[in-house]
Amino acid sequence: MKAFTQHKGIVAPMDRANIDTDMIIPKQFLKSIKRSGFGKNCFDELRYMDEGQPDQSCEGRPLNVDFPLNFPRYQGASVLLTRENFGCGSSREHAPWALEDYGFCAIIASSYADIFYNNSFKNGLLPVILDEKIVDQLFEEMYAEEGYELLVDLENLQVITPKGEAFGFELDEFRRHCLLNGLDDIGLTLEDADAINAYEATLKARSPWLFNAIKG
Amino acid sequence: MTAKTLYDKLWDAHLVKQRDDGSALIYIDRHIIHEVTSPQAFEGLRLAGRKPWRVDSILATPDHNVPTTTVERASGVSGIADPVSKIQVQTLDDNCDSFGITEFKINDRRQGIVHVIGPESGACLPGMTVVCGDSHTATNGALGALAHGIGTSEVEHVLATQCLVAKKMKNMLVKVDGVLGKGVTPKDVVLAIIAKIGTAGGNGCAIEFGGQVFRDMSMEGRMTVCNMAIEAGARAGMVAVDDITIDYVKDRDFAPKGNDWVLAVNAWRELVSDADAVFDVVVELNGSDIIPQVSWGTSPEMVVSVADSVPDPAAEKDAVKQTGMTRALEYMGLSAGQKMTDIQLDRVFIGSCTNSRIEDMRAAAAVVKGRKKADSIKEAIVVPGSGLVKEQAEAEGLDKVFTDAGLEWREPGCSMCLAMNADKLGAGEHCASTSNRNFEGRQGYGGRTHLVSPEMAAAAAIAGRFVDVREWL
């Protein structure tokens, strides 16, 4: 996983609450057996005027000109500003894959759905939680200024506006550590293989039926 | 000793290691796998030169992409018309074969929706930790298990280590006392809960469903409720173990037998919250007040009772919510004040991991028996949750009841719940659906979903619009 220390980029809006993962990446694209290439279909049903198909080129598809990510001023955006409960619904990791592949490095919202939040960290995508009032303020500032950029600083746990106003955010230490260093958490867990083996032996003695093999 | 909730007990029993930074390693007893969220995990495992930690803890089956028509299903994987779907199902078969993982393949009689076959086969048991790369894994919590959905990176993590890195969630109790009226189902109960607490209401929590209504409920009903914990924002939902749980598990294929059974039942009896256990959040509803529910919008919290009308966004004070409601009405093609019973329906879907078990089939069949589908309904499909549910339903003659009434009887799979196979809504079509999500485009591009119980969906197929099914019983 790529490391994330800090990132500065253009902010784009998804000014709605409860954006679900079906909306971030519709189901037909989940048929892929790959991890990459989902960016062109990120928000597919909102972004284009027609129904997208897997393996289809998106060049020449009719764009929805009313959708903010299609506005010239938000081209090249890498910070997504949105509202509460972002990423609700399906557990599909294709959602952070699509956002990351589109070019987003960080998301700012007042809350996230649990599974999406978790999945984002596995893909170098930082979901920042800020108070609803601050999110409101950032929306106002962003709408008022074309090319509005935010600096998201993971080292110091701050979001900094162009005027230099800094908003602190919280993040648990394990996630911060893994993301700052781009660590593979499977490798980290396997360092505890002895503890897992010891636990397994105790469990087997206590609840042998849990080890009845699933057989065809 | 401190009093513990059911969730506390399940968590403590599976804690491998508590780390100093607040994270923990949790042991996973059962890992269920399907074709959509696993290929990239197997690829990752191979690239890193790793192997599954405990192959005998894994059960796989294809469900999301499988066709449900008998014709397309007849020749198995090679008969899947959509080439992209075919590759995905074939990839699951190949991965399971190469790693020695037990898979109920496409035309195995035990194949079905992951969350139906887990409990049905006895692969998922009380007291277990169960994960699957699918948010509706919470279904298994009905057994008194800690079950939740995970992403693909976590699928790979569990394959490689048998553990998850987790942080303990908060304890939430949703208590529903009273007695449900006739025609009021577990689906109505869970929709009423989501309408009350909202789709973010359970974020960061594990929900225990407690109270008389759940004590009286069958295992199938408890599964319907736990299934939709995720629609209330909670990764995990659960119900305490009682005689109903134990009777359900007894004699299932992978359930413990002989002396193991006695040991297991003794242990499972402890899987209840202590009387003085403290919950971080408590929500109470009166079951006697709940009447059949119908969703009107594009989020599972946008629900009213069948006797109500489409709500007016102008009455909503919160600006963000008001915008959401206005947009939902526009997408759904509905106007404020319209009576729910006046909405013209085009299709009916009875199935999904929420409502495709034998009781759901029986309940829907009882409503359509001796009646005929409305001509205005283009298609009404009934999709059993597994091959074994299908066999049981056919043994009881339910397939005949459905087909006599003009409904279609299909092969098991996820089907129109998320429309990854050929079963989908056309743009603008309204569907009475027993599934779990009414998101934009969920059941097909431009499709309009109304979430209801199997009884309500069955009645809608006959009437062509929503009716209060209590009037028919």
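Quick caveat: nothing in here was measured; it's all calculated off a predicted structure.
Interatomic distance, OG of B:S85 versus CG of A:L30, reported as 11.0 Å (0.5 Å rounding). Between B:R50 atom CZ and A:L190 atom CG the span is 5.5 Å, to the nearest 0.5 Å. A:I108 CD1 to A:L130 CG: the interatomic distance, rounded to the nearest 0.5 Å, is 6.0 Å. Interatomic distance, A:Y143 OH to A:Y148 OH, rounded to the nearest 0.5 Å: 12.5 Å.
When each of B:V89, B:L125, B:L263, B:T37 is checked for heavy-atom pairs under 4.5 Å with chain A, B:L263 comes out on top. Annotation: maximal heavy-atom pairing with chain A below 4.5 Å, among B:S57, B:G204, B:G324, B:A427, occurs at B:G204. Interface check for chain B: of the options A:R206, A:E45, A:Q28, A:E173, the most heavy-atom pairs under 4.5 Å are formed by A:E45. Highest contact tally toward chain B, considering only A:E51, A:R175, A:K122, is held by A:E51 [criterion: heavy-atom pairs under 4.5 Å]. Counting heavy-atom pairs under 4.5 Å between each of A:D15, A:L203, A:N85 and chain B puts A:N85 at the top. Interface summary for chain B: among A:M23, A:R35, A:H94, the most heavy-atom pairs under 4.5 angstrom belong to A:R35. With respect to chain B, the highest number of heavy-atom pairs below 4.5 Å among A:N18, A:T21, A:I115, A:L188 belongs to A:I115. With chain A as the partner, the residue from B:A200, B:A123, B:S38 showing the most heavy-atom pairs under 4.5 Å is B:A200. Here B:D134 is the residue among B:D134, B:T323, B:T298 with the most heavy-atom pairs under 4.5 Å with chain A. Contact tally against chain A (heavy-atom pairs below 4.5 Å) for B:K257, B:E440, B:Q162: the top residue is B:E440. In terms of heavy-atom pairs under 4.5 angstrom with chain B, the leader among A:G89, A:P26, A:P54, A:P208 is A:G89. Put simply, of B:E43, B:E156, B:M128, the one with the most heavy-atom pairs under 4.5 Å next to chain A is B:E156.
In this structure, chain A has heavy atoms under 4.5 Å from both the backbone and the side chain of B:R442. With a 4.5 angstrom heavy-atom cutoff, B:A267 touches chain A only via side-chain atoms. With a 4.5 Å cut-off on non-hydrogen atoms, B:K321 does not touch chain A at all. Using a 4.5 Å cut-off between heavy atoms, A:S207 makes no contact with chain B at all. Using a 4.5 Å cut-off between heavy atoms, B:C124 makes no contact with chain A at all. Looking at B:V165, the atoms closer than 4.5 Å to chain A (heavy atoms on both sides) all sit in the side chain, from C-beta outward. Residue contact with chain A, scored on non-hydrogen atoms closer than 4.5 Å, is absent for B:A48. Contact annotation for A:N119: only side-chain heavy atoms (C-beta onward) come within less than 4.5 Å of a heavy atom of chain B. Only the backbone of A:Y112 comes within contact range of chain B, with heavy atoms under 4.5 Å apart. Both the backbone and the side chain of B:A419 come within contact range of chain A, with heavy atoms under 4.5 Å apart. Interface remark: B:I101 contributes no atoms to any contact with chain A (heavy atom separation under 4.5 Å). Neither the backbone nor the side chain of B:D253 comes within less than 4.5 Å of any heavy atom of chain A. Contacts between B:I230 and chain A at a heavy-atom distance below 4.5 Å involve the side chain alone, from C-beta outward. Proximity to chain B (any heavy atom under 4.5 Å) is shown, for A:A193, by both the backbone and the side chain. B:T161 touches chain A through backbone and side chain together, each having a heavy atom under 4.5 Å away. Interface residue B:N65: only side-chain heavy atoms are found under 4.5 Å from chain A. At a 4.5 Å heavy-atom cutoff, B:W261 makes no contact with chain A through either its backbone or its side chain. With a 4.5 angstrom heavy-atom cutoff, A:K27 touches chain B via backbone and side-chain atoms both. Using a 4.5 Å cut-off between heavy atoms, B:E35 makes no contact with chain A at all.
Judged by distance alone, the side chains of A:S110 and A:E84 never bring a donor and an acceptor atom under 3.5 Å apart. No side-chain donor from either of A:H177 and B:D21 sits under 3.5 Å from a side-chain acceptor of the other.
The aromatic rings of B:H14 and A:Y199 sit tilted, their planes meeting at an angle between 30° and 60°. Relative ring orientation between B:W268 and A:W209 is described as perpendicular, the plane-to-plane angle rising above 60° on a 0-90° scale split at 30° and 60°. Ring geometry for A:F104 against A:Y102 counts as parallel: the plane angle stays under 30°, on a 0 to 90° scale with 60° as the upper cut.
Within 6.0 Å of atom CG in B:N266, more than 12 heavy atoms from other residues, nucleotides or ligands are found, so the atom counts as buried in its surroundings. Shown here is A:K40, whose NZ atom has more than 12 heavy atoms of other residues, nucleotides or ligands within 6.0 Å. Crowding of B:K168 atom NZ: a count of heavy atoms from other residues, nucleotides or ligands under 6.0 Å exceeding 12.
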Let me see the working for B:D97 and B:K105 under salt bridge (charged side-chain N to carboxylate O under 4.0 Å, His left out), right down to the final yes or no.
CA-CA 11 Å; B:D97 290 347; B:K105 292 199 162 98; 2.9 Å; yes

After noting the C-alpha distance and the side-chain angles of B:T152 and B:Q40, does the key distance pass the side-chain hydrogen bond (donor to acceptor under 3.5 Å, both in side chains) rule?
CA-CA 7 Å; B:T152 296; B:Q40 298 87 349; 4.6 Å; no

Report the C-alpha separation of A:R61 and A:D44 in whole Å, then their side-chain angles, then the decisive distance to 0.1 Å, and conclude whether the salt bridge (charged side-chain N to carboxylate O under 4.0 Å, His left out) test is met.
CA-CA 11 Å; A:R61 284 180 65 194; A:D44 201 86; 2.9 Å; yes

Intermediate values then yes/no, salt bridge (charged side-chain N to carboxylate O under 4.0 Å, His left out), B:K17 and A:D192:
CA-CA 9 Å; B:K17 186 175 178 177; A:D192 283 321; 2.7 Å; yes

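Remark: aromatic rings of A:F86 and A:F116 are close, center separation under 6.0 Å.
At least one cation-pi condition fails for A:R92 and A:F29: the charged atom is not both under 6.0 angstrom from the six-membered ring centre and inside a 45 degree cone around its axis.
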